[in-house]
Amino acid sequence: MRIVITGAAGFLGSHLCDHLLADGHEVIGMDNFITGSPDNIAHLANNEKFSFYKRDVSNYIFVPGKVDAILHFASPASPNPQSKSGYFNLPIQTMKAGALGTHNCLGIARVHSAKFLLASTSEIYGDPEVHPQEESYPGNVDPIGTRAVYDEAKRFAESLTMAYHRFHNVDTRIVRIFNTYGPRLDLEDGRALPNMIKQALLGEPLTVYGDGSQTRSFCYVDDLVDGIIKLLYSDEHYPVNIGNPNEMSILQFAETINKVTGNTAGITYMDARSARDPQRRRPDITRAKNILNWEPKVSLEEGLRRSIPYFKQKLGIA
Ligand code: NAD
Ligand code: UDP
């Protein structure tokens with residue numbers, strides 16, 4: 001296939017480029033580097049099956065030649081209010097990437113009769129009242145809450161995707177991605193894993209926001225990409241959760257990072273990030289298991305060991 005990936009210079013987009021090129025496809029990357037980096041795709045510069053366009057996908061986009069599939073991953077994704085690349089500080093760009101960017105990408109899929117895959121998120125469930133979250137749960141989101149620019153943009157993107165599927169017969173897929181980690185996560189974007197790995201590798205105490213009892217479940221990037229590619233190759237049009245169901249408190253997560261890195265500086269408790277920080281999050285992956293025959297294979301400790309060399313290199317630690 002000839003596949004367009006928006007957000008190609010980001011964490012997940014760049015891994016998707018690698019895996020789809022390895023599967024023999026031709027890949028066209030697009031990105032405006034608002035939160036991503038050319039470093040993430042520098043290794044593809046001489047790959048003749050890879051080409052790159054610097055574009056803001058919220059504006060009209062044109063792709064020359066045929067297109068068989070378009071994967072829309074372009075969006076700020078970090079919920080950290082302190083980070084320049086977090087969506088709190090890029091609210092309009094975030095809403096435009098989810099709304100106008102999704103519209104433009106669906107337009108490309110329609111005109112080329114191509115498959116379209118939307119990178120949606122567990123955030124569409126908001127601060128969930130049911131646990132674990134299965135795809136039929138409609139979510140608990142405040143449209144004017146502090147996370148709304150991201151959550152509602154993704155919810156709109158899902159609605160638009162289903163509208164193009166139902167009214168224009170576009171061959172669409174929706175993946176609801178849960179917390180994912182691995183090499184190429186931006187060390188400065190403030191998400192839990194890069195923040196804490198950086199602190200651990202520098203021998204500093206790990207910052208836990210609130211009392212650390214809020215839960216998440218972390219998926220290693222190779223597992224996630226494997227699930228997304230299986231979804232792309234499937235015929236499933238309804239949303240599918242992809243994530244690791246191994247739920248743990250953020251405190252347990254921090255303790256695991258200290259253990260794997262050998263950091264003895266312990267933990268510092270800080271104010272909770274916001275009242276809207278979801279308290280519990282774990283994917284129900286029954287649909288992914290049944291429809292895609294997919295489940296994650298990499299344990300947290302193994303995933304951390306695979307990630308640490310990248311973060312050490314970025315920090316200039318031998
Ligand atoms: P990232 O910030 O590393 O990557 C996003 C990329 O999109 C960046 O390279 C950025 O420059 C680019 N981008 C943003 N707006 C753009 C625009 N208007 N035009 C062109 N490029 C633009 O984040 P990520 O973690 O790789 O997330 C990728 C996608 O996956 C996002 O859509 C995000 O919502 C979704 N997602 C990620 C996670 C996760 O745990 N990483 C979880 C749920 C959903
Ligand atoms: N968190 C933390 N310390 C940090 C960064 C994050 O305790 O240095 C917490 C954060 O409050 C949230 C969880 O870790 O409860 C996961 O945060 P992340 O930014 O990775 O993404 P989220 O799951 O909130 O979208």
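Just follow the structure's listing: the first ligand is 1, and inside any ligand the first atom is 1. Residue numbers run from 1 in the order of the sequence given. Values below: all heavy atoms of this structure, side chains included; hydrogens, waters and symmetry mates excluded.
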Protein contact to atom 20 (O) of ligand 2 [nearest heavy atom, distance to 0.1 Å]: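 For atom 20 (O) of ligand 2, the nearest protein heavy atom comes out as Ala192 N, 2.9 Å.
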Nearest-neighbour protein heavy atom for atom 7 (O) of ligand 2, which is reported as residue plus atom name and distance: Tyr209 N, 2.8 Å
4.0 Å heavy-atom contact, Arg147 with ligand 2: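 For ligand 2, residue contact (heavy atoms, under 4.0 Å) with Arg147 is present.
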Arg281 touching ligand 2 at heavy-atom level, < 4.0 angstrom: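 Right, Arg281 reaches ligand 2.
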From the candidates Thr180, Asp31, Leu118, the one that places a heavy atom nearest atom 40 (O) of ligand 1: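 Looking at heavy atoms only, the winner is Thr180.
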Nitrogen or oxygen atoms of Arg191 and ligand 2 under 3.5 Å apart: no
Test of proximity, Arg273 against ligand 2: N or O pairs below 3.5 Å: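 Yes, since at least one N or O of Arg273 sits under 3.5 Å from an N or O of ligand 2.
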For ligand 1, is any non-hydrogen atom under 4.0 Å from [X]'s backbone (N, CA, C, O), its side chain (CB onward), both, or neither?
X	answer
Phe11	both
Lys154	side chain
Arg55	backbone

Parallel, tilted or perpendicular: rings of His25 and Tyr233 (30°, 60°): tilted
Ligand 1 N/O within reach of Asn179 N/O, cut-off under 3.5 Å: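 Between Asn179 and ligand 1, no N or O pair is found under 3.5 Å apart.
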Polar atom proximity, Ile177 to ligand 1 (N or O, under 3.5 Å):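 It does not: no N or O of Ile177 is found under 3.5 Å from an N or O of ligand 1.
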Region of Thr207 engaging ligand 2 - heavy atom pairs below 4.0 Å: both
Mode of Pro79 contact toward ligand 2 - side chain, backbone, both, neither (heavy atoms, under 4.0 Å): side chain
